[in-house]
There are 2 protein chains.
Amino acid sequence: MAATVMARGRAESSEEVAELVERLHGVMRASLHRLQPALAAEKITMGQFWALHLVSSLESASVSSVARHLGVSAPTVCGNLDQLDASGLVRRHRSDRDRRSVVLSLTPSGRQVEARIWGQIAGLVAEAARGIPPSDLEATVRVFRELERGLEAPPAGRGAR
Amino acid sequence: MAATVMARGRAESSEEVAELVERLHGVMRASLHRLQPALAAEKITMGQFWALHLVSSLESASVSSVARHLGVSAPTVCGNLDQLDASGLVRRHRSDRDRRSVVLSLTPSGRQVEARIWGQIAGLVAEAARGIPPSDLEATVRVFRELERGLEAPPAGRGAR
DNA sequence: TATTGTTATACTCTATAACTATA
DNA sequence: TATAGTTATAGAGTATAACAATA
């Protein structure tokens, strides 16, 4: 019955998962290498770019909200913002509603830099994805949505062993 | 004719690519966070693990061959190997055929550590992939093989803009 | 001269701990 | 007391440059 199918499915997907992990690692390092010239041209690092991207994406970005969405610590984001601030790409100002909090916004220059780098990233991946069937790309997006969801929360209460 | 279809396909996949990039980033950071306890338990870092994994995978691993396969510099690998060597997980010895070259091999302990961590990674991903249709996983592996291939070599001669 | 490995150095990313200001 | 942001510090990962030994 179903158990046989399950067992076969798991044995197969184990090798598939192993290959996926290696490819994921390979794609990440290759992307970073390919993106380096564009980042260097904008005098920005990858960490700074992700902070910039989140300030751009979030409704009302604060240090802690950016940190939360990126899954990094507040001091890390704070450091990235120091550099973005110094480069004139992001502005900080204290909130009037809660004076502990800092409201982040992009400068026009920050907006341009974010758009250019995001365009480079998308172009790079789109170029590498040339020739891949759209249905495969759609499946991949579905898989990654699910993987991210499944990896986010440590399944605390549920003993996996 | 085909141009219309192409244009539509590109506009659509542009958003798809953007989401894929964000999910990729999210999955990477989530995996690293989830893997931290296992790495800490083995007193090993992610960089050391990938070096260990390549010494394990390559036919006859040398510093330069590991560096090439990981896409990192020789000094980086050399440093990782220093630590793996000090932890008794990897052994180095000069090649007799070419005395410049160093032949790398896993110790029994290194083999065990590699297997345990690789198992953790695979288990983590397999758990997160529970419920994903096998056909979607297969498509994803195809996509990542192609993406890695497409990202590897800078398309030097071909002006992409 | 070219290649393999190593050391020296520097910079980024990351985290934890401690501190300040505010709530 | 708790929270937002920051500063201080330290460890890991990365790279380039300079060097040693060998080819």
Verdict with supporting geometry, A/E19 and B/R145, salt bridge (Lys or Arg N to Asp or Glu O under 4.0 Å): CA-CA 9 Å; A/E19 175 164 8; B/R145 276 196 204 118; 2.7 Å; yes
Under 4.0 angstrom between A/H33 side-chain N/O and D/dT14 OP1 or OP2: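 No, because none of the side-chain N or O atoms of A/H33 sits under 4.0 Å from OP1 or OP2 of D/dT14.
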Residue-phosphate contact under 4.0 Å: B/S64 side-chain N/O, C/dG5 OP1/OP2: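 Yes, within the criterion.
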Donor-acceptor contact present, side-chain [X] to main-chain [Y], <3.5 Å:
X      : Y     : answer
A/H69  : A/S65 : yes
A/T76  : A/V72 : no
A/T107 : A/L89 : yes

Taking only heavy atoms on the protein side, list every residue of [range] lying under 4.0 Å from any atom of DNA chain D, sorted numerically.
range                      : answer
residues 73-93 of chain B  : B/S73, B/P75, B/T76, B/N80
residues 37-59 of chain A  : none
residues 95-104 of chain A : A/R100, A/S101, A/V102

Whole angstrom is fine here: how far is it from [atom1] in [X] over to [atom2] in [N]?
X     : N      : atom1 : atom2 : value
A/L32 : D/dG13 : CG    : P     : 15 Å
A/L35 : D/dT14 : CG    : C1'   : 16 Å
B/Q36 : C/dT14 : CD    : C1'   : 10 Å
A/L70 : C/dC13 : CG    : C1'   : 12 Å

